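Beneath this line is the structure, given in structure tokens, with notes to follow.
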Amino acid sequence: MTNKEIAKIFEELAKLLEIKGENPFKIRAYLNASREINSLPYSLESMVQEGKDLTKLPNIGEQIAKKIQEIVNTGKLEKLEKLKKEFPPALLNLLAIEGLGAKHIKTLYENLHFNTVEELQELAKEHKIQTLKGFGPKLEEKIAKGLKLLKQEGIRFLYAQAEPYANELYKYLQNAPTIIRLEIAGSFRRKKETVGDLDIVASASNPQKVIEFFTKFPKVSQIVSAGDTRSTIVLDNSLQVDFRVVKDEHFGSALHYFTGSKAHVLEIRRMAQDLNLKINEYGLFSNDKNLASKEEADIYRAFGMEYIEPELRENRGELEVAKNRTLPKLIELNDIKADMHIYSNFSLGKNSIEEIANYAQKIGYRYIAITDHFGSIESNKIEQYLKEIERLNSKYKDFKIIKGVECDILEDGSLTLNSDTLSRFDIVYGVINSNFKLPKDIQSARLIKAIQNPYLSAISHISNRVIQQDEGIELNYKEIFNALKSNNKLLEINSQPNRLDINDILAKEAKKYGIKFLINSSAKSLEELHYIKYGVNQARRGWLEKGDVLNCLMEFKQIL
DNA sequence: GCCGTTTTCGGCCCGACTGTTTTCAGTCG
């Protein structure tokens, strides 16, 4: 039972209770717990088995702790199972329809007694919905449309997929009439690995004109709403964009509010309440006096805190650390002096080693590691490969190619290449490429054995997940981190946009163990060398500093 | 259902937009 699965149970519980009309604060408590569980670095299942006191976790009290134990021990939650019997499963899906919430769903169900999405679709066609109290023709149409789109529910975009749209929209909006300041906010600004929608904040002397300009963006497929200061559109790739325009003196507080995360903003709101202050998108208020609103930094300053970078705003301890003024100075793209994981056309890559080396120098790298993937029967190829690297190194003056290799970690924890072969490389990556479904303990032992191999330098994309497609392997990270630290081995942050592995939460945790990192593109082409920026994003979200990342060094450091 | 260095009871974020109304409830972020 993974944390994600447990979190999902509490989310479903909250949704059904909402439809039932249960106390909204209780519902919020379940949702808070669900969010908390999703951001835990370690598995709840293990914590339960080790007899840990779950109520020590924020937003987990006695009742929810009991429920977690029940879920871990029996695989399900009786309270949810009972609730599911009260309502047809279709109701949960309906919550995904934009503009349709629990109250409406309750009314629909109690009056029309449908059981499936199809039945509701039919009722909409017969215009039965608009006869209900509180419903009208517009809402009926919205429901009919929403039902057709239901399949797309829950889709988030990879950061890298949303990026070109964000950039294009940003450029377009810069030309909006009377616009003064403009910023993409939300999870995009926080550099999350996936974004659900784009949030954009602007200041202008005439907000209505800017909103009008916004809705005329050429790639708009639907205008969901457009008011005096706020508008929502859907783009042709079905990415939703929420846009907010305020007066320039309110830009800082609006930007802060719409950057989120929700948990971070709510925590600050609680802090404000404790001080008898009020915070909203227009500023921080003491009675009617606005204490901070022009710049984002003013808000943090008003609370006596350091400025908190957007990537840290997840309510994962950053507010407390900011009060102590001991926030990390986050790594930046410019700090990266080398890319230590690149494939050439000796294996998975498109380009020759020479092409890669020339391009790497052009984009300012001091050194790179070429790290092709070789199996056990490729000794001839390996000879050629090493010779080619040596030939090129004798040519270059202020640039060096490190001899690297990537090899598979077999089921018993051994590496595909033997010690003699491995000893000829300066950097050796281990990857798990098979037997993904081993039990957690066995999988962890497999990886630890590889970490103990004296020739191995680093673990690449440790969980082997593919974002939104494959959860990856299960590991006991406490043991893994201990092994990495005691064997002085490196952990990679793989920058492929659908990997970003190891993730932010675990990177932050690994840093506590004193583990050092590499941020690598694992590029298969010259263009993919630029993926490294996504890895840096993830590292920033994991609180990493320049000093945590070895390829920020000016010269290659022998790892072993 | 969670939380608490004023509290173990009584709070729990708040403003914009829409569609339904005729002053507001529901939804969203």
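Naming: A, B, ... by sequence-line order, numbering from 1 per chain. As the structure is a computational prediction, the values presented were derived from the model and not from experiment.
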Determine the Euclidean distance between corresponding [atom1] atoms of [M] and [N]; express it in Å to zero decimal places.
N	M	atom1	value
dC2(B)	dT8(B)	C1'	12 Å
dG11(B)	dT6(B)	C1'	14 Å
dT20(B)	dG26(B)	C1'	10 Å
dT7(B)	dG1(B)	P	26 Å
dT22(B)	dT18(B)	C1'	16 Å

Exercise. Which heavy atom in Asp197(A) sits nearest to a heavy atom in Gln240(A), and how many Å separate them?
Worked result: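 Result for this residue pair: CB-O, 3.1 Å.
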For this session: Heavy atoms under 4.0 Å is the rule here; annotate nucleotides 2-12 of chain B 5' to 3' with B where the base is hit, S where only the sugar-phosphate is, and - elsewhere.
Result: SS--------B
Seminar exercise, completed: Protein heavy-atom contacts under 4.0 Å, written 5' to 3' over nucleotides 22-29 of chain B as B (base), S (sugar-phosphate only) or - (none), form the string ----SSSB
Could you go through residues 183-191 of chain A and list every donor-acceptor pair under 3.5 Å that involves a side-chain atom there, pairing it with any protein atom two or more places apart or in another chain?
| from | atom 1 | to | atom 2 | distance (Å) |
| --- | --- | --- | --- | --- |
| Arg189(A) | NH1 | Thr259(A) | OG1 | 2.8 |
| Arg189(A) | NH1 | Glu296(A) | OE1 | 3.4 |
| Arg189(A) | NH1 | Glu296(A) | OE2 | 2.8 |
| Arg189(A) | NH2 | Glu296(A) | OE1 | 2.9 |
| Arg189(A) | NH2 | Tyr307(A) | OH | 3.4 |
| Arg190(A) | NE | Glu314(A) | OE2 | 2.9 |
| Arg190(A) | NH1 | Thr259(A) | O | 2.7 |

Exercise. Base, sugar-phosphate alone, or nothing: which one does Lys66(A) contact when heavy atoms must sit under 4.0 Å apart?
Worked result: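 Answer is nothing: Lys66(A) stays at 4.0 Å or more from every strand.
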For this session: Could you check whether Pro137(A) gets within reach of a base, just the sugar-phosphate, or nothing at all, counting any heavy atom under 4.0 Å?
Result: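 Sugar-phosphate, no base atom in range.
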In whole angstrom, give the distance that lies between atom [atom1] of [X] and atom [atom2] of [N].
X	N	atom1	atom2	value
Glu141(A)	dT20(B)	CD	C1'	16 Å
Arg244(A)	dC14(B)	CZ	C1'	11 Å
Ile279(A)	dG15(B)	CD1	P	12 Å
Leu83(A)	dG1(B)	CG	C1'	15 Å
Lys247(A)	dA16(B)	NZ	P	12 Å
Lys278(A)	dC14(B)	NZ	P	7 Å
Asn280(A)	dA16(B)	CG	C1'	12 Å

Exercise. For Glu12(A), which residues count as a side chain to side chain donor-acceptor pair (under 3.5 Å) partner, sequence neighbours excluded?
Worked result: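 With sequence neighbours excluded, Glu12(A) shows a side chain to side chain donor-acceptor pair (under 3.5 Å) to Lys84(A), given in chain and number order.
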Problem set entry | Residue pairs, two or more places apart or on separate chains, that pass ring-ring contact (aromatic ring centres under 6.0 Å, His included) and touch residues 160-181 of chain A |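 Found Tyr172(A)-Phe213(A), Tyr172(A)-Phe217(A).
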For this session: Please determine, for dC24(B), whether a Watson-Crick or G-U wobble partner exists with both distances under 3.5 Å, and give it or none.
Result: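 Pair assignment: dC24(B) / dG19(B).
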Can you tell me if [X] and [Y] form a side-chain donor-acceptor pair at under 3.5 Å?
X	Y	result
Tyr42(A)	Glu50(A)	no
Asn32(A)	Arg35(A)	yes
Ser46(A)	Lys478(A)	no

Problem set entry | Carboxylate-amine/guanidinium proximity below 4.0 Å for Glu212(A) and Lys216(A) |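 Yes, charged N to carboxylate O under 4.0 Å.
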Problem set entry | Short N-O contact, Glu11(A) and Lys15(A), less than 4.0 angstrom |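 So Glu11(A) pairs with Lys15(A) through a salt bridge.
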Problem set entry | For dT21(B), glycosidic torsion class - syn if within 90° of 0, otherwise anti |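 Chi for dT21(B) falls in the anti range.
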Exercise. For dC17(B), does either OP1 or OP2 sit under 4.0 Å from a side-chain N or O belonging to Thr229(A)?
Worked result: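 True: Thr229(A) side-chain N/O within range (under 4.0 Å) of dC17(B) OP1/OP2.
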Problem set entry | Ser231(A) or Phe135(A), whichever maps to the more 5' nucleotide of DNA chain B |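 Result of the comparison: Ser231(A).
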For residues 245-252 of chain A, please give each side-chain donor-acceptor pair under 3.5 Å, one per line with the distance, not counting sequence neighbours.
| from | atom 1 | to | atom 2 | distance (Å) |
| --- | --- | --- | --- | --- |
| Asp248(A) | OD1 | Arg181(A) | NE | 3.0 |
| Asp248(A) | OD1 | Ser203(A) | OG | 2.5 |
| Asp248(A) | OD2 | Lys294(A) | NZ | 3.4 |

